[in-house]
Peer 1: 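One structure, as structure tokens, below. Some questions next.
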There are 2 protein chains.
Amino acid sequence: MAIFSKTCEYAMRAVFYVAQRSHEGYKVGIKEIAGHINSPEPFLAKILQQLSRDGVILSTKGPNGGFYFDAASLNRPLADVVTAVDGDEIFTGCGLGLTYCSESNPCPLHEEFKKVRNQLTHMLHTTTIGKFNLGLIKGKFTLNK
Amino acid sequence: MAIFSKTCEYAMRAVFYVAQRSHEGYKVGIKEIAGHINSPEPFLAKILQQLSRDGVILSTKGPNGGFYFDAASLNRPLADVVTAVDGDEIFTGCGLGLTYCSESNPCPLHEEFKKVRNQLTHMLHTTTIGKFNLGLIKGKFTLNK
DNA sequence: AAAATAAAGGACAAAAATGTCTTTTATTAA
DNA sequence: TTAATAAAAGACATTTTTGTCCTTTATTTT
Ligand code: FES
Ligand code: FES
């Protein structure tokens with residue numbers, strides 16, 4: 001089991017790809033995105049629909065339409081993507097699966113787990129959607145295989 | 001979605017409870033464990049079977065039998081429990097779901113994700129199964145609800 | 001040795017996550 | 001205004017995770 005769900009992984013990969021293409025001045029269709037991040041096209045469509053409903057990603061229909069980000073959206077944190085598709089359990093939930101994570105009634109792992117969870121939270125809040133655009137354009141990163 | 005699977009959460013809760021009872025000198029049956037960690041009994045049985053096959057937990061059949069840890073087992077890292085039920089993907093996998101996490105061909109999130117993953121790994125390797133025995137006996141921690 | 005106990009094992013069931021397909025709606029280009 | 005394009009939406013299918021039940025095996029007590 002991975003840290004993030006498949007849904008969330010595809011969402012983040014797609015968002016990084018669309019961000020790069022937006023930086024380059026293009027909108028991108030589902031087919032192009034799915035091809036470049038190596039994800040099942042119809043499944044990815046569902047995920048991007050969700051992101052679109054939540055206002056995380058922008059889209060327009062019709063010819064020359066597709067998904068894209070504006071300047072403001074490129075500065076949103078990656079955490080918004082995670083929350084939109086997976087909710088906030090990963091940011092607030094108990095590591096041992098108790099109903100609530102609680103300071104006053106903690107599980108044994110609470111103190112140790114909280115540190116890890118806080119670092120993950122901090123990382124996802126300080127990493128913006130557009131952070132890797134230049135690196136992606138320069139070919140420094142991979143989003144498929 | 002939580003960091004760990006339900007299976008893994010139940011496994012860790014069970015292990016902490018059995019460790020405490022072992023420290024107190026008892027073996028514990030499935031029914032008692034499930035009751036104290038609030039988990040479905042037959043499902044937990046499967047999980048503990050797996051841990052037993054992997055040699056993470058000890059068990060004996062028959063009257064006065066049950067699950068327990070010896071002194072050596074109490075010093076094993078919690079990471080062994082996670083690996084036994086969920087594999088090592090959480091310790092080695094790519095945060096964006098690429099087939100392999102690679103230094104030479106990294107995903108955009110690689111550097112940032114690696115830090116979080118390393119801290120999680122470190123935490124699970126330095127936390128022993130028996131670490132919380134005294135705290136549990138003193139009632140400082142909760143394992144149900 | 002017999003009966004009681006408790007884990008081990010296997011088959012099955014429900015729920016959730018993941019993946020697919022078809023139709024509808026909105027937008028643009030011609 | 002029509003045709004083409006592309007996302008939105010909804011129904012459906014598969015796989016994995018989670019959960020249940022019943023039988024078997026090993027151990028201990030009587
Ligand atoms: S109570 Fe378990 S992590 Fe906080
Ligand atoms: S390649 Fe993605 S985390 Fe290392």
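Chain letters run A, B, ... following the sequence lines, proteins first and then strands; every chain starts at 1.
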Peer 1: Is B:Y10 near enough to D:dT18 that one of its side-chain N or O atoms lies under 4.0 angstrom from OP1 or OP2?
Peer 2: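 For D:dT18, neither OP1 nor OP2 has a side-chain N or O of B:Y10 closer than 4.0 Å.
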Peer 1: What parts of residues 89-96 of chain B reach DNA chain D, counting only heavy atoms under 4.0 Å away?
Peer 2: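 Hits under 4.0 Å, by residue number: none.
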Peer 1: Of all nucleotides in DNA chain C with an atom under 4.0 Å from a non-hydrogen atom of chain B, which is the first and which the last going 5' to 3'?
Peer 2: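 That gives a stretch of C:dA4 to C:dA11.
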Peer 1: For A:H122, look at atom NE2 and say whether over 12 heavy atoms of other residues, nucleotides or ligands are found less than 6.0 Å away.
Peer 2: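 For A:H122, atom NE2 is not crowded (no more than 12 foreign heavy atoms under 6.0 Å).
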Peer 1: Please confirm whether the backbone N or O of B:L48 pairs with a side-chain atom of B:S52, one donor and one acceptor, at under 3.5 Å?
Peer 2: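 No: the side chain of B:S52 does not pair with the backbone of B:L48.
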Peer 1: What parts of residues 54-63 of chain B reach DNA chain D, counting only heavy atoms under 4.0 Å away?
Peer 2: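 Under 4.0 Å from DNA chain D: B:K61, B:G62, B:P63.
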Peer 1: Measure all distances between protein nitrogen or oxygen atoms and nitrogen or oxygen atoms of nucleotides 11-16 of chain D, and list the pairs falling under 3.5 Å.
Peer 2:
none

Peer 1: Suppose we screen for salt bridge (charged side-chain N to carboxylate O under 4.0 Å, His left out). Which residues come up paired with A:D86, at least two apart in sequence or across chains?
Peer 2: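 Partners of A:D86 by the salt bridge (charged side-chain N to carboxylate O under 4.0 Å, His left out) criterion come out as none, since no residue qualifies.
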Peer 1: Not counting sequence neighbours, which residues clear side chain to side chain donor-acceptor pair (under 3.5 Å) with B:E24? List them please.
Peer 2: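 Partners of B:E24 by the side chain to side chain donor-acceptor pair (under 3.5 Å) criterion, ordered by chain and then number, come out as B:R21.
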Peer 1: Starting from A:M1 and following side-chain heavy-atom contacts under 4.5 Å between hydrophobic residues (I, L, V, M, F, W, Y), which residues can be reached?
Peer 2: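 Reading the cluster by chain and number, A:M1 sits alongside B:M1.
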Peer 1: Looking at residues at least two apart in the chain, or sitting in another chain, which of them share a salt bridge (charged side-chain N to carboxylate O under 4.0 Å, His left out) with B:K131?
Peer 2: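 B:K131 satisfies salt bridge (charged side-chain N to carboxylate O under 4.0 Å, His left out) with A:E112 once adjacent residues are dropped.
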Peer 1: Transitively linked via ILVMFWY side-chain contacts under 4.5 Å: B:I47 with A:L109?
Peer 2: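 They do share one cluster, since a chain of ILVMFWY contacts under 4.5 Å joins B:I47 to A:L109.
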Peer 1: How many whole angstroms separate atom CD1 of B:I47 from atom P of D:dT17?
Peer 2: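 Rounded to the whole Å, the gap is 13 Å.
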Peer 1: Any side-chain heavy atom of A:N105 sitting closer than 4.5 Å to one from B:K145?
Peer 2: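 SC-SC contact between A:N105 and B:K145 confirmed.
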Peer 1: Do the rings of B:H36 and B:Y17 sit parallel, tilted or perpendicular, given the 30° and 60° boundaries?
Peer 2: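 The rings of B:H36 and B:Y17 lie parallel, inter-plane angle below 30°.
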Peer 1: Closer than 4.0 Å, any side-chain N/O of A:S52 to the OP1 or OP2 of D:dA7?
Peer 2: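 For D:dA7, neither OP1 nor OP2 has a side-chain N or O of A:S52 closer than 4.0 Å.
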Peer 1: Can you measure B:Q49 atom CD to D:dT24 atom P for me and round it to whole angstrom units?
Peer 2: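 One finds 16 Å between P of D:dT24 and CD of B:Q49, rounded.
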Peer 1: Find the distance between CD (B:E41) and CD (B:E32) and round it off to the nearest 0.5 Å.
Peer 2: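 If I round to the nearest 0.5 Å, the distance is 11.5 Å.
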Peer 1: State yes or no: do B:V28 and B:L58 share one hydrophobic cluster built from I, L, V, M, F, W and Y residues joined by side-chain heavy-atom distances below 4.5 Å, directly or via other members?
Peer 2: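 In one cluster with B:V28: B:L58, no.
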Peer 1: Verify, without hydrogens or angle tests, whether B:R76 (side chain) and B:I57 (backbone) share a donor-acceptor contact under 3.5 angstrom.
Peer 2: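 Not a single qualifying donor-acceptor pair exists.
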Peer 1: Give the table of side-chain donor-acceptor pairs shorter than 3.5 Å for residues 7-16 of chain A, with sequence neighbours excluded, one pair per line with atom names and distance.
Peer 2:
{"residue": "A:E9", "atom": "OE1", "partner": "A:K6", "partner atom": "NZ", "Å": "2.8"}
{"residue": "A:R13", "atom": "NE", "partner": "A:I37", "partner atom": "O", "Å": "3.3"}
{"residue": "A:R13", "atom": "NE", "partner": "A:L143", "partner atom": "O", "Å": "2.7"}
{"residue": "A:R13", "atom": "NH1", "partner": "B:L96", "partner atom": "O", "Å": "2.7"}
{"residue": "A:R13", "atom": "NH2", "partner": "A:I37", "partner atom": "O", "Å": "2.6"}

Peer 1: For A:G65 and B:L48, find the nucleotide of DNA chain C closest to each by heavy atoms; which residue's nucleotide sits nearer the 5' end?
Peer 2: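 Between the two, 5'-proximity favours B:L48.
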Peer 1: Show the atom names and distances, to 0.1 Å, of all donor-acceptor pairs under 3.5 Å that link a side chain in residues 64-72 of chain A to residues at least two apart or in another chain.
Peer 2:
{"residue": "A:D70", "atom": "OD1", "partner": "A:A72", "partner atom": "N", "Å": "3.4"}
{"residue": "A:D70", "atom": "OD1", "partner": "A:S73", "partner atom": "N", "Å": "2.8"}
{"residue": "A:D70", "atom": "OD1", "partner": "A:S73", "partner atom": "OG", "Å": "2.8"}

Peer 1: For DNA chain D, determine which residues of residues 17-45 of chain A have any heavy atom closer than 4.0 angstrom to one of its atoms, and list them numerically.
Peer 2: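 Within residues 17-45 of chain A, the residues near DNA chain D are A:V28, A:G29, A:I30.
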Peer 1: Considering residues at least two apart in sequence or located in another chain, which fulfil the salt bridge (charged side-chain N to carboxylate O under 4.0 Å, His left out) criterion with A:K114?
Peer 2: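 A:K114 satisfies salt bridge (charged side-chain N to carboxylate O under 4.0 Å, His left out) with A:E103, A:E111 only.
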